[in-house]
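Please read the structure below before turning to the comments.
Numbers for residues simply follow the sequence, beginning at 1.
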Amino acid sequence: MNMNTTSMSEVQMKVAQAVHVLNHDSQSCNRVAANQWLVQFQQTDSAWEVATSILTAPAPFPAHFEVEFFAAQILRRKIQNEGYYLPSGVKDALLHALLVAAQRFSLGPPQLLTQICLALSALVLRSIEHKKPIVQLFSSLHQLQVNEDGNVALLEMLTVLPEEVVEDHNGDRNIDAASRSQFTRELLSHTPTVLEFLLHQSKQRLDDGRQLHDRNRKILRCLLSWVRVGCFSEISSSSLPTHPLLNFVFNSLQVSSSFDVAIEVLIELVSRHELHSQGLPQVLLSKIRYLKEMLLHPALANGDEKVISGIACLLSEIGQAAPALIAEASTDAHVLADAVLSCVAFPSEEWEISDSTLQFWCSLASYLLDINKANNGRVVEEMFCPVFSALLDALLLRAQVDDSTFGGKTGALDIPDGLTHFRMNLEELLIDICQLLGSKRFVQKLFSGDWASADNLIPWNEVETRMFALNMVAETVLQEGLPFDFSVIVRLVVILSSLGPEELKGFVAFVYKSVADVVGSYSKWILSFQNNIRPFLLFCASGITESVSSSACASTLRKLCEDASAVIHEPQNLEILIWIGEGLEKRNLPLEEEEEVVTAVTLILNSVPNQELKKNSLARLLCSSYGAIEKLIDTNSGNSLRQNPAAYTQALNSAVRGLYRMGTVFGHLGASHHADHVEDDTVLALLGVFWPLLEKLFRSSHIGSGTLSAAACRSLSQAIHSSGQKFLMLLPKALDCLSTNFLLYQSHECYVRAAAVVIEEFGHIEDYGSLCISTFERFTKAESVTALNSSYICDQEPDLVEAYTNFTSTFVRCCPKEVVAASGPLLELSFQKAAICCTAMHRGAALAAMSYMSLAKGSYLMWYMLSLVSQQCQGSISLLQSYSNWQHCVVLLTEQAGKQFFAGTPCADGFNQQFNLCLQSILNREKQSL
């Protein structure tokens, strides 16, 4: 469309049509075309005039809100993007037009008026030719007050302007911090005028009650904007407490339509730290009784959550702003604490109200703990113990999980997100309450109630919450060192572990989890209290079978075994542990939970003094793992499994789990026997079974599975760490399997990582130097490593980059210097690869490459200088290498001849001459020192 040849009315008509199509046409292609046309139109110079005309001049067609709103948006965006570059006269005309538009639409629609005021604010902030643009604006705002309706537009303008001055919503770099600071000062200089205007408006009476409430809400929104910018900091401290606008805000709390904005104003006032010195918290604290009796009590009785939530937030903010005032335990302070307590205990279906008070209680508790030390506990004991004791009751009630959250036959856990979030946020406050009351009183309160008696039925939802709280404060209780009576815990353990499988479904499994967490947290104290560990082992064994409680029970079993005394070595206890381990194959637990269980069993078996019993027990523990791998690699079985994809997948998973269990066992063996002088051949016996199976698996076609390869490499790595020198006889076969499989399955970098473990453990042994170099060469010349010739490819293969550079780092760090020197060409290639990988965007890959270059540069430099020596001074190289400090010679040579050692850098004649001179000088000096 040619704007120059088209009349203004026609353009307006086209804009209106495009906006209508964009918002209402059923055909998406038409909407896309209309949007493209409107986007193009916004970028034209004519858009200024057209948009202004739509907002200010009577249209030749019936006015439509969507078109006018679009026009206001165009002006706002163009001012934000191009306003700086408009001539001064154009800006003045545009300012006048926007004021006219604001006057025209003062009665609505409100969204349109807001857009016009935003455009006005943007224009003012970009009128840099005026030294004081905001002052200039205020001198023009009287145009809006031609009639009473104009005050509505003025209210909106005064609401929007502070927000735009203080906050940068559009990332405008042309308005820097200094400019915004200047604008803020200009704005605040008009505080008395604005507050007087708001007060005048608040006193105006309207016959229409709805209009009155709407007008009062607008006044509050405007006041909120000015409070946020700091308007009350301009008022003297003596006049602030009695300022009439504060009374207006308090009176607005009693009106439903303005309650939420009035609460926002008061909360913002409380959060302004500069007002604390002016006595504002004290003023608000004196209003607490009014808030409680006139607003909170009726809301609690009627279940008005909007009012309860608002009052709870306000009271919490007051308490956080002035904890010292609350700590004085005045009548008003007690009224505030009681009011917040009633908000916490309110039985809402959501938890936002209770959650919003937690920070207040934490800040008050922290303050009380500090002053409590100086007063020997008298303050808390006399004044606040009843408050926090009641708070604990309220929190326990609100934190209860209803058994209805476990629905259906599956008994799936479905705790509301709000309750989950609330329980997570309780930890800090529960610890504070425990410290204030003392662990003894805290625990007694948790165990109070008829349920703790053996003769009463147990309310499981109440028990679960109290176990949850007891676990939360475990660290604090343990630090105080005052053990409590665990008979209640033992009773719960016995009752729960005696339940049948069907009874453990649903909510009871959730209770099981919480009790297991407590047993794990207090395991040392429980074991000292209870000599018989068998009930706890059976408790864990039973809980592992349910998904809700399995993780907690697996972790608790490990902690019990870590803390157990010699009593756990009794045959019946060992039998239970082996039984638990043998059942893992059928339970299909997550791998991390299986690891916890196997770790627990292995820790106990590893401490069994009878070597024969230990080996037999470990063999029983791993029997199912051996069987899973044998079933997979068995030729006949493997072929039949492949014909059934589901069965084959199950067999693979079983083998992976078996390898993980075997690796975990190896990972926890050897520690005790290394510290003991008695020879322990347990690891050797396990290796005798483990390696043949693993070697067959490595050479089978099944190892193409990435998951299976990773599990096999993990178990091998842990076996190497555990067995130490006992693995030497298997070293050549192990490295051959690893390098061969990597060449076959080059996406499985786990083989490179496992080889790095081998090099780290045995690379220092000179007899295996050639084997290490051979492995290094096979990895370096692998197709996938050779392909790492650009940062893009490195970013596509970050795991391979990390694995390879970590392997090369281990090789350089662990192998003897003669082995490293002999691998010079491989070092050169790996150094080149690392230099490329350093440029990768992937952080882990780049860091691993840089780490290798930093570590290897010295070794690479020595190899390169020796290669130069061999080229330049054939007769001297053997002499140089024969010196015990030949490395030092090379360093000296490098320092004197220059650090031009990168691969492919040719030696200039001058460098060659200097190199030879330096070499001869060093050789002569070294001969004399010998």
Side-chain angles (χ1 to χ4, degrees), residues 592 663 667 706-707 709-711 713-714 716-718 720-721 735 738-739 741-743 745-764 772-773 775-817 819-821 823-864 891 894 899-905:
E592 57 272 15
T707 306
S709 290
C713 289
R714 174 185 178 274
L716 175 61
S717 299
Q718 290 174 311
I720 291 170
H721 281 309
L735 280 177
L738 293 173
S739 57
N741 279 9
F742 178 67
L743 294 178
Y745 313 105
Q746 297 193 23
S747 62
H748 301 170
E749 77 286 340
C750 56
Y751 293 111
V752 183
R753 297 185 190 276
V757 173
V758 177
I759 300 297
E760 185 174 29
E761 194 74 25
F762 305 110
H764 64 281
C772 294
I773 294 175
T775 305
F776 187 10
E777 182 177 15
R778 297 184 81 175
F779 287 156
T780 302
K781 295 184 177 180
E783 184 179 346
S784 57
V785 175
T786 304
L788 298 174
N789 51 21
S790 70
S791 60
Y792 173 78
I793 297 177
C794 293
D795 282 326
Q796 302 304 306
E797 299 290 345
D799 293 336
L800 176 60
V801 171
E802 289 187 53
Y804 178 71
T805 52
N806 287 335
F807 172 85
T808 52
S809 296
T810 305
F811 179 88
V812 170
R813 187 180 71 252
C814 298
C815 290
K817 59 181 181 293
V819 175
V820 175
S823 62
L826 295 174
L827 280 175
E828 181 178 3
L829 288 172
S830 64
F831 210 73
Q832 291 172 347
K833 295 297 179 187
I836 294 171
C837 295
C838 283
T839 64
M841 295 295 292
H842 190 277
R843 190 167 182 265
L847 286 176
M850 286 188 280
S851 176
Y852 168 59
M853 290 189 71
S854 175
L855 177 69
K857 64 182 180 182
S859 300
Y860 176 66
L861 172 60
M862 286 188 291
W863 166 78
Y864 187 74
V891 173
T894 305
K899 297 181 179 180
Q900 303 179 24
F901 57 89
F902 286 101
T905 303

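Side-chain contact between Leu827 and Val812 is present, with at least one heavy-atom pair separated by less than 4.5 Å. Here the side chains of Thr775 and Phe811 are not in contact, with every heavy-atom distance at 4.5 Å or above.
To the nearest 0.5 Å, atom OG of residue Ser784 and atom CD1 of residue Ile793 are 11.0 Å apart. Atom OG of Ser830 sits about 4.0 Å away from atom CZ of Phe776, to the nearest 0.5 Å. Rounding to the nearest 0.5 angstrom, the gap separating the OG1 atom in Thr780 from the CD1 atom in Ile773 is 11.5 Å. One distance of note links CD of Glu802 with OG of Ser809; it measures 11.5 Å at 0.5 Å rounding. Atoms CE and SG, from Met841 and Cys794 in turn, are 13.0 Å apart once rounded to the nearest 0.5 Å. A distance of 11.5 Å separates NE2 in His764 from CD1 in Ile759, rounded to the nearest 0.5 Å.
Formation of a donor-acceptor pair under 3.5 Å by the Lys781 side chain with backbone atoms of Thr786 is not found in this model. Using a distance-only test at 3.5 Å, with no hydrogens or angles considered, no donor-acceptor pair links the side chain of His748 to the main chain of Cys750. Between the side chain of Gln746 and the backbone N or O of Ala782 there is no donor-acceptor pair closer than 3.5 Å. Between the Ser851 side chain and the Leu847 main chain, no donor and acceptor come within less than 3.5 Å of each other.
Phe779 is linked by a ring-ring contact (aromatic ring centres under 6.0 Å, His included) to Phe742, Phe807, counting only residues two or more places apart in sequence or in another chain.
Leu800 and Glu749 make their closest contact through CA-CB, 4.1 Å (heavy atoms, listed as atom of the first residue, atom of the second, distance). Ala846 and Cys838 make their closest contact through CB-O, 3.8 Å (heavy atoms, listed as atom of the first residue, atom of the second, distance). When all heavy atoms are compared, the tightest approach of Arg778 to Ser739 is NH1-OG, 2.9 Å. Nearest heavy-atom pair, Val757 versus Ser717, reported as atom, atom and distance to 0.1 Å: CG2-OG, 3.8 Å. What you find for Cys713 and Leu738 is that their closest heavy atoms are SG-CD2, 4.2 Å.
Identified under the side-chain hydrogen bond (donor to acceptor under 3.5 Å, both in side chains) test for residues 789-801, with sequence neighbours left out: none.
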